[in-house]
Visitor: 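Can you keep this structure in mind? I'll have questions shortly.
Every heavy atom of this structure was used, including side-chain atoms; hydrogens, water molecules and symmetry mates were not. Each chain gets a letter, A, B and so on, in the order the sequences are listed, and its residues count up from 1.
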There are 2 protein chains.
Amino acid sequence: MARAGLTKERLTRAGAELADEVGFEQVTVSELARRFGVKVASLYSHVKNSHDLKTRIALLALEEMADRGAAALAGRAGKDALAAFADVYRDYAREHPGRYTAARFRLDPEAAAASAGARHAQMMRAILRGYDLAEPDQTHAVRLLGSVFHGYVSLETAGSFSHSAPDSQESWSRIVDALDALLRTWPTA
Amino acid sequence: MARAGLTKERLTRAGAELADEVGFEQVTVSELARRFGVKVASLYSHVKNSHDLKTRIALLALEEMADRGAAALAGRAGKDALAAFADVYRDYAREHPGRYTAARFRLDPEAAAASAGARHAQMMRAILRGYDLAEPDQTHAVRLLGSVFHGYVSLETAGSFSHSAPDSQESWSRIVDALDALLRTWPTA
DNA sequence: GCATCTGCCTAATAGCTTTAGGCAAATAGA
DNA sequence: TCTATTTGCCTAAAGCTATTAGGCAGATGC
């Protein structure tokens with residue numbers, strides 16, 4: 001029997017593509033096997049189980065977003081950096097909705113530690129270098145930025161902003177403006 | 001055979017409790033049947049299918065949150081109202097994580113129209129009465145608030161803030177402070 | 001008290017997940 | 001190059017969930 005050439009990496013990539021097509025929740029070992037023209041059980045030599053597969057897709061998505069974030073931040077500072085980074089999240093979610101959802105998959109501690117999560121946090125802090133925030137306000141601000149980015153993208157993806165004016169793009173720009181203004185005048189306790 | 005007294009309502013409530021115990025994704029027609037000491041097929045006289053059940057749980061959660069929100073807003077204005085309303089979301093998610101997730105379940109248009117979604121939007125606008133915002137900035141602000149509330153709660157529930165100082169409660173308070181400050185000095189285009 | 005309705009049941013189909021064990025293709029060693 | 005081992009994909013099987021069809025008996029209406 002000819003071998004299909006399965007590997008963790010190929011399965012993970014194909015899983016990510018599948019997620020973007022049908023949604024992360026609908027990513028299934030069976031469908032993946034079907035796409036490789038292979039029997040389901042065969043995948044279990046490469047991937048521990050369904051959870052493992054999903055974890056790998058999540059890690060891939062986190063890496064990809066971190067890479068894009070790093071590229072966006074290079075040579076930028078202040079509001080410029082903030083806006084570019086914000087767009088990285090939003091654009092990624094629009095281009096790769098399944099992967100984006102995957103990135104929110106709850107990772108177990110080991111996977112989380114090995115993930116690009118730390119890079120994301122570092123980049124947020126790098127953006128805040130353009131603003132004058134000491135601890136613990138810096139941490140509060142990091143959490144706020146993470147919340148806004150994730151929250152907005154998540155609501156937008158769910159279609160919450162698509163049935164009313166103004167355009168979502170406009171709100172997004174104005175929200176980034178607002179965040180910039182807020183960070184410049186952050187109210188200290 | 002003694003009847004179990006199944007109804008849509010009881011199934012929905014039990015489904016919501018199940019969601020809080022094991023997670024919304026793990027809510028299953030089978031498990032629900034098990035809890036009622038009844039065969040799986042029996043549920044299908046009361047609920048169209050699994051999707052229908054989840055939709056009902058989502059609608060219940062949205063109602064409950066809207067009710068709490070309304071109670072919190074009564075007699076409050078300005079920052080007071082903002083903080084109380086924010087806490088409604090956060091507290092609800094902490095008390096009822098499964099229901100909270102359910103509330104984010106993607107509803108089809110008919111269900112969405114019949115949901116408490118509109119009440120949520122109205123309450124957000126009511127909060128903004130305490131600030132001086134004209135359209136379209138008011139809509140931008142509503143979207144920002146929704147994003148921050150949902151984003152923060154979602155990240156917090158995922159445990160993103162639980163492994164580092166400062167305390168999540170502190171960040172939450174300071175973020176509400178920051179939002180209040182931002183709304184009072186909202187940057188107009 | 002009888003007829004109807006309704007609620008829960010049995011039975012059956014179908015899909016996904018996961019484990020165990022087997023054969024053959026690829027690879028490594030002599 | 002021939003053999004030995006590893007490794008990749010397969011068959012088989014069990015268990016779970018979802019969903020539909022059809023049946024019997026308890027509840028309800030006249």
Side-chain angles (χ1 to χ4, degrees), chain A residues 1-60 98-99 101-102 105-108 110-111, chain B residues 1-60 98-99 101-102 105-108 110-111:
Chain A
M1 244 141 237
R3 300 198 168 182
L6 304 182
T7 66
K8 291 186 223 315
E9 290 72 25
R10 289 189 65 196
L11 289 175
T12 305
R13 302 216 145 269
E17 281 158 30
L18 178 57
D20 287 335
E21 289 172 35
V22 305
F24 184 62
E25 325 297 342
Q26 277 64 53
V27 169
T28 194
V29 184
S30 305
E31 177 59 27
L32 212 48
R34 225 169 280 131
R35 298 205 166 193
F36 276 96
V38 134
K39 297 296 173 179
V40 196
S42 307
L43 299 209
Y44 284 82
S45 318
H46 303 277
V47 145
K48 260 215 301 294
N49 51 35
S50 180
H51 184 272
D52 179 38
L53 172 65
K54 287 184 175 172
T55 296
R56 287 175 195 280
I57 298 174
L59 293 176
L60 173 66
R99 282 155 145 104
T101 302
F105 186 62
R106 188 154 194 168
L107 300 173
D108 28 66
E110 324 101 75
Chain B
M1 243 140 239
R3 301 199 170 183
L6 305 182
T7 66
K8 289 187 224 315
E9 290 70 26
R10 288 189 66 196
L11 288 175
T12 305
R13 302 216 146 267
E17 280 158 32
L18 178 56
D20 286 335
E21 289 172 35
V22 305
F24 183 62
E25 325 297 343
Q26 278 65 54
V27 169
T28 195
V29 185
S30 307
E31 177 58 28
L32 211 48
R34 226 169 278 132
R35 298 207 165 192
F36 277 96
V38 134
K39 297 295 173 180
V40 195
S42 307
L43 300 208
Y44 284 84
S45 320
H46 303 276
V47 144
K48 258 214 303 293
N49 50 36
S50 180
H51 184 272
D52 179 38
L53 172 66
K54 288 184 176 172
T55 296
R56 286 176 194 282
I57 298 173
L59 294 176
L60 172 67
R99 283 154 144 104
T101 302
F105 186 63
R106 190 155 192 167
L107 300 173
D108 29 65
E110 325 98 77

Visitor: Rounded to whole angstroms, how far apart are CZ on A:Arg10 and C1' on D:dC9?
Guide: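 Rounded to the whole Å, the gap is 14 Å.
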Visitor: Give every residue pair that meets the side chain to side chain donor-acceptor pair (under 3.5 Å) criterion with at least one member in residues 28-37 of chain B, sequence neighbours excluded.
Guide: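 For residues 28-37 of chain B: B:Glu21-B:Arg35, B:Glu31-B:Arg34, B:Glu31-B:Arg35.
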Visitor: For DNA chain D, which residues of residues 43-50 of chain A approach it to below 4.0 angstrom with any heavy atom?
Guide: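 The stretch gives A:Ser45, A:His46 as the residues lying under 4.0 Å from the strand, ordered by number.
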Visitor: Tell me which residues in residues 12-32 of chain A put a heavy atom below 4.0 Å from DNA chain C, sorted by number, or none.
Guide: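 Result for residues 12-32 of chain A: A:Thr28, A:Val29, A:Ser30, sorted by number.
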Visitor: Phosphate oxygens OP1/OP2 of C:dG15: is one of them under 4.0 Å from a side-chain N or O of A:Arg34?
Guide: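 Result: no.
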Visitor: For residues A:Leu107 and A:Leu59, determine if any side-chain heavy atom of one lies less than 4.5 Å from a side-chain heavy atom of the other.
Guide: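 The answer is yes, as the side chains (C-beta and beyond) meet within the 4.5 Å cut-off.
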Visitor: Let me know the distance between CG of A:Leu6 and P of C:dA25, rounded to the nearest Å.
Guide: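 After rounding, the reported distance stands at 17 Å.
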Visitor: Should A:Val29 and A:Tyr44 be marked as a side chain to side chain contact (heavy atoms under 4.5 Å, CB included) after you check the CA-CA gap, both sets of side-chain angles, and the distance that decides it?
Guide: CA-CA 9 Å; A:Val29 184; A:Tyr44 284 82; 3.8 Å; yes
Visitor: Quickly work out the A:His51 NE2 to C:dT19 P distance and round it to whole Å.
Guide: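 Roughly 14 Å, once rounded to whole Å.
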Visitor: Would you mind reporting whether A:Leu43 and A:Leu53 have side-chain heavy atoms less than 4.5 Å apart?
Guide: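 Side-chain contact under 4.5 Å: no.
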Visitor: Closest heavy-atom contact between A:Ala58 and A:Ala102?
Guide: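 Scanning both residues completely, I find the closest heavy atoms to be CB-O, 3.1 Å.
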Visitor: What's the NZ-P distance between B:Lys39 and C:dA12, to the nearest Å?
Guide: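 Result: 15 Å.
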Visitor: Using residues 9-20 of chain B as the side-chain source, report each donor-acceptor pair under 3.5 Å to any protein atom, sequence neighbours left out, with the distance given to one decimal.
Guide:
from    : atom 1 : to      : atom 2 : distance (Å)
B:Arg10 : NH1    : B:Ala4  : O      : 3.1
B:Arg10 : NH1    : B:Gly5  : O      : 2.8
B:Thr12 : OG1    : B:Lys8  : O      : 2.7
B:Asp20 : OD1    : B:Gly98 : N      : 2.9
B:Asp20 : OD1    : B:Arg99 : N      : 2.9
B:Asp20 : OD2    : B:His96 : ND1    : 2.8
B:Asp20 : OD2    : B:Arg99 : NH1    : 2.7

Visitor: Does anything in residues 45-55 of chain A form a side chain to side chain donor-acceptor pair (under 3.5 Å)? List the pairs, not counting sequence neighbours.
Guide: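 Sorted pair list: A:Asp52-A:Arg56.
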